[in-house]
Amino acid sequence: MPAQQLLRACNINLTRDGYGAGENQRLEAPFGDGIDPRVLFSWAGATASWPNRTEPGGSRGLDDYLTRDWGRNIGSEIMGANKFSPHRGPWQNHDWQGWWDDEPPFRTPVFVMTHHLRPSFTLSDTTFHFIDADPATVLARAFEAADGKDVRLGGGPSTIREFLDADLLDTLHVAVSPVDLGAGSRLWESPDELLDRFHMDVVPSPSGVTHHLFWRR
């Protein structure tokens, strides 16, 4: 019997008060006001398996394992429009092709949830598709494109919340940094909100983040 495909949210980075992005996201501030992405992502960037690493070295252990897990058995990705682009409203042109230059790290089909459609395009081995549909429909498309592998839910927080509310998410890993934001795009007020549907392990890391690992009951 073929293995069940899963919807997994991996390496989601939050502040201690539950925010993954600040207000006023824009080209000069991809994560909005008040968030320095170098702080949120420093735990992963220090690992040996960080995909953007250009020099030998890096840490091993739990942080490195979870960094590697981001790409394990992933056949496609779903992301919200605000992760793909700082633009709001209808596209003025199609010049914008994401934050990732000519070689995005996804290396799979990516389904961008948006009310403002545009043609699909391919950069290196990643193809971006733009889809205006409910979470269940988007997930069905992503499972088909994944060819038997799992689907990664990439964020941001409001998109993850949509899939949580639709009871579609199978596993979730959140790395919580010891900083507060106070406003912006929030995933939760407390991780305990998910305990009615998920088991949870909480594991502090020497890097300073606390990993929250959820799997469906």
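In this chain, numbering begins with 1 at the start of the sequence shown.
- In this structure, Leu40 and Asn13 approach most closely via the heavy-atom pair O-OD1, 3.0 Å.
- Of the possible donor and acceptor atoms, none in the side chain of Glu23 sits under 3.5 Å from a partner among the backbone N and O of Gly184.
- With sequence neighbours left out, the side chain to side chain contact (heavy atoms under 4.5 Å, CB included) criterion links Ser59 to Thr47.
- Arg216 places a side-chain N or O within 3.5 Å of a backbone atom of Asp167 that can act as its donor or acceptor partner.
- At least one side-chain heavy atom of Val151 sits under 4.5 Å from a side-chain heavy atom of Ile78.
- Considering all non-hydrogen atoms of both residues, Arg217 and Leu195 come closest at NE-O, 3.0 Å.
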I'd like to know whether Arg186 forms a salt bridge (charged side-chain N to carboxylate O under 4.0 Å, His left out) with Asp17, so could you lay out the CA-CA distance, the side-chain angles of the two residues, the decisive distance to 0.1 Å, and finally the verdict.
CA-CA 8 Å; Arg186 197 174 203 177; Asp17 52 351; 5.2 Å; no
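- Under the 4.5 Å side-chain criterion, counting only non-hydrogen atoms from C-beta, Val203 is not in contact with Thr210.
- With sequence neighbours excluded, the residues forming a side chain to side chain contact (heavy atoms under 4.5 Å, CB included) with Leu194 are Arg161, Leu164, Leu172, Trp188, Arg197, Phe198, Phe214, listed by chain and number.
- Listed here is the closest heavy atom pair of Gly75 and Pro109: O-CD, 3.3 Å.
- Heavy-atom minimum distance, Arg60 versus Ser49: NH1-OG, 3.9 Å.
- Partners of Asp36 according to the side chain to side chain donor-acceptor pair (under 3.5 Å) rule, which considers only residues two or more places apart in sequence or in another chain, are Arg38.
- Judged by distance alone, with hydrogens and angles left aside, the side-chain atoms of Ser76 form a donor-acceptor pair with the main-chain N or O of Ala142 at under 3.5 Å.
- In this structure, a donor-acceptor pair under 3.5 Å is present between the side chains of His211 and Asp63.
- Judged as a side chain to side chain contact (heavy atoms under 4.5 Å, CB included), and not counting sequence neighbours, the contacts of Ala136 are Asp134, Leu168.
- Listed by first and then second residue, the side chain to side chain donor-acceptor pair (under 3.5 Å) pairs involving residues 90-100 amount to none (not counting sequence neighbours).
- Here the side chains of Tyr19 and Leu187 are not in contact, with every heavy-atom distance at 4.5 Å or above.
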side-chain hydrogen bond (donor to acceptor under 3.5 Å, both in side chains) evaluation trace for Ser207 with Ser205:
CA-CA 5 Å; Ser207 62; Ser205 168; 2.9 Å; yes
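- Other residues, nucleotides and ligands contribute over 12 non-hydrogen atoms within 6.0 Å of the CG atom of Asp165.
- Close placement of the Phe130 and Phe84 rings is indicated, their centers lying within 6.0 Å of each other.
- Between the side chain of Asn11 and the backbone N or O of Leu66 there is at least one donor-acceptor pair closer than 3.5 Å.
- Residues Thr114 and Ile131 have side chains not in contact (no heavy-atom distance under 4.5 Å, counting atoms from C-beta outward).
- Residues passing the side chain to side chain contact (heavy atoms under 4.5 Å, CB included) test with Arg72, sequence neighbours excluded: Arg8, Asp69.
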Apply side-chain hydrogen bond (donor to acceptor under 3.5 Å, both in side chains) to residues Ser85 and His87 and explain how you reach the verdict.
CA-CA 5 Å; Ser85 168; His87 303 94; 2.5 Å; yes
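- Asp33 and Arg26 are joined by a salt bridge, as a carboxylate oxygen and a charged side-chain nitrogen come within less than 4.0 angstrom of each other.
- Aromatic pair Trp70/His173: ring centres not closer than 6.0 Å.
- Scanning both residues, Ile160 and Leu153, for their nearest heavy atoms gives CA-CD2, 3.8 Å.
- Smallest separation of non-hydrogen atoms from Pro191 and Met200: CB-SD, 3.9 Å.
- Looking only at distances, no side-chain donor or acceptor of Asp150 sits under 3.5 Å from a matching main-chain atom of Ile74.
- Checking side-chain atoms of Glu144 against main-chain N and O of Arg141 turns up no donor-acceptor pair under 3.5 Å.
- Aromatic rings of Phe41 and Phe31 (six-membered ring for Trp) have centroids within the 6.0 Å cut-off, being under it.
- Side-chain N or O atoms of Ser177 include none that pairs as donor or acceptor with a backbone N or O of Val179 at under 3.5 Å.
- Put simply, the side chain of Val110 reaches to within 4.5 Å of the side chain of Thr126, judged on heavy atoms.
- Salt-bridge annotation for Glu77 and Arg107: absent, with no side-chain N of the basic residue lying under 4.0 Å from a carboxylate O of the acidic one.
- In this structure a side-chain-to-backbone donor-acceptor pair under 3.5 Å is present from Gln25 to Pro30.
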